[in-house]
Amino acid sequence: MSSGEHTSLDVYEAARAAAGKLKLRAKAKLADGRAEEVFEACVLLHEAARAEERAVRLVDAPLVTRFAARVEQCFCLVDGLDPHGAGQAYARLHQMRQGMAPEAASSLLSRLVPRYDAMQESYADEVSKLRVLKGATFRLPIAGRGVSRAQQEAKRMTTRYPGVAGWWWLRYRLDESSGDMHGAWRALTRARRLEPDQIRFEATSLLAACKSLSPKRAAEYIARSRSLLDATVPELCLMYALAEMQLARGARASVRNARWQRARDAVRTGLSGQPNTRLRNNLRAVELLVNAFLDGQQPSVELLYLAGLSDVAIYASSDVDVAEFLTRSIANAA
Amino acid sequence: MAKAPHGDTLGKDDTAQILTYSLEQLYSDQDHDWVVDSIPALLAWVPAASGSAHEARHRFVLDRMPSSGATEKRRWLLDLSWTESELAKRDPNLMKRAKRLRTGKTVQREHVTELAAYGLTLVAISLLMPGRRVKAMNIGVAPDFLFDVTPSRLRGVEAAGRSRGGWAALRKVSGGTARKPGKRAQLLARADIAEVALSLWCASPRLSLMEQVKP
């Protein structure tokens with residue numbers, strides 16, 4: 001074995017060790033059984049699944065090793081109470097299985113299959129009991145009195161399956177729409193911790209911070225995300241810009257102007273990355289908004305049409321606060 | 001007390017050699033992170049035995065099948081002991097966590113059994129495979145503990161625990177039933193494993209089976 005192969009094996013071993021320690025720590029928290037500990041276990045197991053996926057790419061692994069790694073990832077998500085994530089991993093296992101010797105594949109799957117089947121059956125049963133959220137698939141289809149019933153259903157799902165980021169995301173949307181900003185922030189934070197690579201959660205948190213946290217804490221939170229802004233994350237740039245505009249309200253002139261300028265810089269960064277049409281139009285609208293503010297002008301609904309957002313503009317009354325209206329429209333569509 | 005060197009015979013009775021192990025030693029024999037999360041469950045799972053509240057001694061009957069295909073087992077008596085104050089020096093939270101796992105209302109017993117088996121397997125590895133250190137861990141595929149993660153040449157130990165059932169329960173884990181293969185058959189079917197042993201534990205009665213499956 002060459003020295004290069006030794007090095008990559010050392011790195012692989014270290015990566016596998018790190019993943020293993022996450023799993024054992026998670027098992028200890030699952031044994032505890034308290035809701036907070038179980039959630040922390042889910043976070044650790046999601047992290048372990050990602051770590052195992054990264055680890056196997058460090059070496060020139062044969063099919064059996066890659067298959068075993070995928071089984072391990074899937075099991076982490078089963079123990080991590082995430083039927084959706086586990087289902088995606090399970091589908092990939094079926095695709096990989098075709099190249100495996102049947103006895104070896106059966107042996108590797110012997111621990112996973114009964115646990116996976118039991119979880120999926122239980123999850124299907126829980127989902128079948130939903131009334132208001134039936135078929136919602138983490139979207140927000142209801143309003144008014146239906147919201148409180150939906151909140152109860154979503155809470156039941158996050159209690160039984162705290163590893164599913166989508167249910168926490170739905171709880172965030174429901175709590176936010178009902179004005180429970182503390183609950184909304186907690187739910188969104190949980191979704192982010194389970195899926196830290198999900199840019200939608202991260203981006204939404206910037207705007208949510210302005211509503212949920214004190215002005216000082218919100219400003220600190222927004223400031224920390226500045227280093228993450230680049231052309232590859234236009235969603236983040238957009239939400240950062242909206243957050244700066246929120247924080248600019250009521251601030252004294254020098255602070256306000258600085259926030260609008262940072263918002264404009266963020267928007268221009270987002271536009272430089274060739275975002276999709278909708279994102280580009282949203283970014284353009286925000287750019288027109290902050291330009292108007294910086295020029296000391298009152299923005300009108302017309303800028304929404306200029307930015308290609310006629311489908312949003314048609315719902316705006318002539319005396320609407322355009323910044324607030326646009327912010328709400330973008331947040332609701334997230 | 002000193003550990004028995006691997007393979008040596010102690011005492012006059014060849015069928016019941018005594019091995020002793022102080023749990024505090026495990027924090028040196030294995031990486032701290034493997035130990036700190038499994039020992040609380042071990043303390044909670046093993047039934048009360050002789051000793052004061054602050055010092056404990058537990059005797060397990062440990063049968064070892066030294067090589068695959070061996071028909072004769074070697075029997076040991078494993079005296080596992082610990083002192084609370086010594087353990088607390090290595091992990092200040094240990095006794096609090098163990099108490100919680102013993103008495104907490106939300107505690108998930110199947111996970112406690114699993115973790116205790118991990119902890120006892122770490123003891124078995126340290127005692128019967130001196131110098132071997134766990135490098136990685138699986139939860140979804142065997143073996144649970146790995147000494148060598150080299151693809152297609154894995155080396156490690158598979159662990160399992162049962163709260164009751166004695167030798168019959170442990171043999172069923174290893175040998176399976178007519179309808180379902182046991183862990184031995186499943187491990188033998190894995191060409192990517194070069195070396196593996198089974199470390200099986202029963203809490204009541206206190207028994208253990210260490211079986212070399214490969215090579």
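Convention: sequence-line order gives letters A, B, ...; per-chain numbering from 1.
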Student: Could you tell me which portion of A/Asp60 (side chain, backbone, both or neither) has an atom closer than 4.5 angstrom to a non-hydrogen atom of chain B?
Tutor: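 Neither; nothing under 4.5 Å.
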
Student: What distance separates B/Arg190 CZ from A/Ser107 OG, expressed to the nearest 0.5 Å?
Tutor: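 Rounded to the nearest 0.5 Å, the CZ-OG separation comes to 5.5 Å.
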
Student: Is the count of non-hydrogen atoms from other residues, nucleotides or ligands lying under 6.0 Å from B/Arg133 atom CZ greater than 12?
Tutor: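 Atom CZ in B/Arg133 is packed in, count exceeds 12.
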
Student: Could you list the residues that satisfy side-chain contact (heavy atoms from CB on, under 4.5 Å) with A/Lys21, not counting sequence neighbours?
Tutor: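 By the side-chain contact (heavy atoms from CB on, under 4.5 Å) rule, A/Lys21 matches B/Asp31, B/Asp33, B/Trp34.
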
Student: Side chain, backbone, both or neither: which part of B/Ala142 has a heavy atom under 4.5 Å from chain A?
Tutor: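 Both the backbone and the side chain of B/Ala142 come within 4.5 Å of chain A.
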
Student: If I measure from the heavy atoms of chain A, does B/Ala189 come under 4.5 Å with its side chain, its backbone, both, or neither?
Tutor: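 Both parts, backbone and side chain.
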
Student: Which one of A/Gly33, A/Ala104, A/Ala26 has the most heavy-atom pairs closer than 4.5 Å to chain B?
Tutor: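 Highest number of pairs under 4.5 Å: A/Gly33.
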
Student: Would the number of heavy atoms belonging to other residues, nucleotides or ligands and lying under 6.0 Å from CD of A/Glu103 be above 12?
Tutor: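 No, the 6.0 Å shell around CD holds no more than 12 heavy atoms from other groups.
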
Student: Heavy-atom distances under 4.5 Å only: say whether A/Cys74 touches chain B with side chain, backbone, both or neither.
Tutor: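 For A/Cys74, no heavy atom lies under 4.5 Å from chain B.
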
Student: Measure distances from B/Arg109 to the heavy atoms of chain A and classify the residue's part below 4.5 Å as side chain, backbone, both or neither.
Tutor: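 Neither part; nothing is under 4.5 Å.
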
Student: What are the two closest heavy atoms between A/Val71 and B/Gly140, and how far apart are they?
Tutor: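 Smallest interatomic distance, heavy atoms only, reads CG1-O, 4.0 Å.
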
Student: Indicate yes or no for a side-chain donor-acceptor contact from A/Glu72 to the backbone of B/Val141 under 3.5 Å, with no hydrogens or angles considered.
Tutor: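 Here the side-chain-to-backbone pair exists.
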
Student: Does A/Arg149, at its CZ atom, have more than 12 non-hydrogen atoms belonging to other residues, nucleotides or ligands within less than 6.0 Å?
Tutor: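 At most 12 heavy atoms, drawn from other residues, nucleotides or ligands, come within 6.0 Å of this atom.
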
Student: Taking C-beta and beyond as the side chain, do B/Asn138 and A/Lys23 meet within less than 4.5 Å on heavy atoms?
Tutor: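 Yes, side chains in contact.
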
Student: Quick one: what part of A/Leu22 sits under 4.5 Å from any heavy atom of chain B, side chain, backbone, both or neither?
Tutor: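 For A/Leu22, no heavy atom lies under 4.5 Å from chain B.
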
Student: Non-hydrogen atoms of chain A under 4.5 Å away: do they reach the side chain of B/Leu146, the backbone, both or neither?
Tutor: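 Just the side chain, heavy atoms under 4.5 Å.
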
Student: How long is the straight-line distance from CG of B/Asp37 back to NZ of A/Lys29, given to the nearest 0.5 Å?
Tutor: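 The CG atom of B/Asp37 is 8.0 Å from NZ of A/Lys29, to the nearest 0.5 Å.
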
Student: Quick check: do A/Leu9 and B/Thr150 have side-chain heavy atoms less than 4.5 Å from each other?
Tutor: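 Result yes, sub-4.5 Å side-chain heavy-atom pair found.
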
Student: Could you list which of residues 113-123 of chain B have a heavy atom closer than 4.5 Å to any heavy atom of chain A, in residue-number order?
Tutor: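 Residues of residues 113-123 of chain B touching chain A at under 4.5 Å: B/Glu114, B/Leu115, B/Tyr118.
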
Student: Using a cut-off of under 4.5 Å on heavy-atom pairs, state which of A/Arg34, A/Arg16, A/Arg66 scores highest against chain B.
Tutor: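 The option with the most such pairs is A/Arg34.
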
Student: Please tell me if the side chains of A/Leu45 and B/Ile139 come closer than 4.5 Å, counting only heavy atoms from C-beta onward.
Tutor: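 Touching, per the 4.5 Å side-chain cut-off.
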
Student: When only heavy atoms count and the cut-off is under 4.5 Å, which of residues 155-170 of chain B reach chain A?
Tutor: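 Residues in range: B/Glu158.
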
Student: Which residues pass the ring-ring contact (aromatic ring centres under 6.0 Å, His included) test with B/Tyr27, sequence neighbours left out?
Tutor: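 With neighbours one apart ignored, the set is B/His32.
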
Student: Indicate yes or no: at least one non-hydrogen side-chain atom of A/Asp32 is less than 4.5 angstrom from one of B/His111.
Tutor: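 Side chain of A/Asp32 against side chain of B/His111, heavy atoms only: no contact under 4.5 Å found.
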
Student: Among B/Gly104, B/Pro181, B/Pro40, B/Ser152, which residue forms the greatest number of heavy-atom pairs with chain A at distances under 4.5 Å?
Tutor: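 That would be B/Ser152.
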
Student: With rounding to the nearest 0.5 Å, note down the distance linking OG in A/Ser110 to NZ in B/Lys183.
Tutor: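 Here the interatomic distance stands at 7.0 Å.
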
Student: Do B/Gln108 and A/Leu30 make a side-chain contact, defined as non-hydrogen atoms from C-beta onward lying under 4.5 Å apart?
Tutor: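 No - every pair of side-chain heavy atoms lies 4.5 Å or more apart.
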
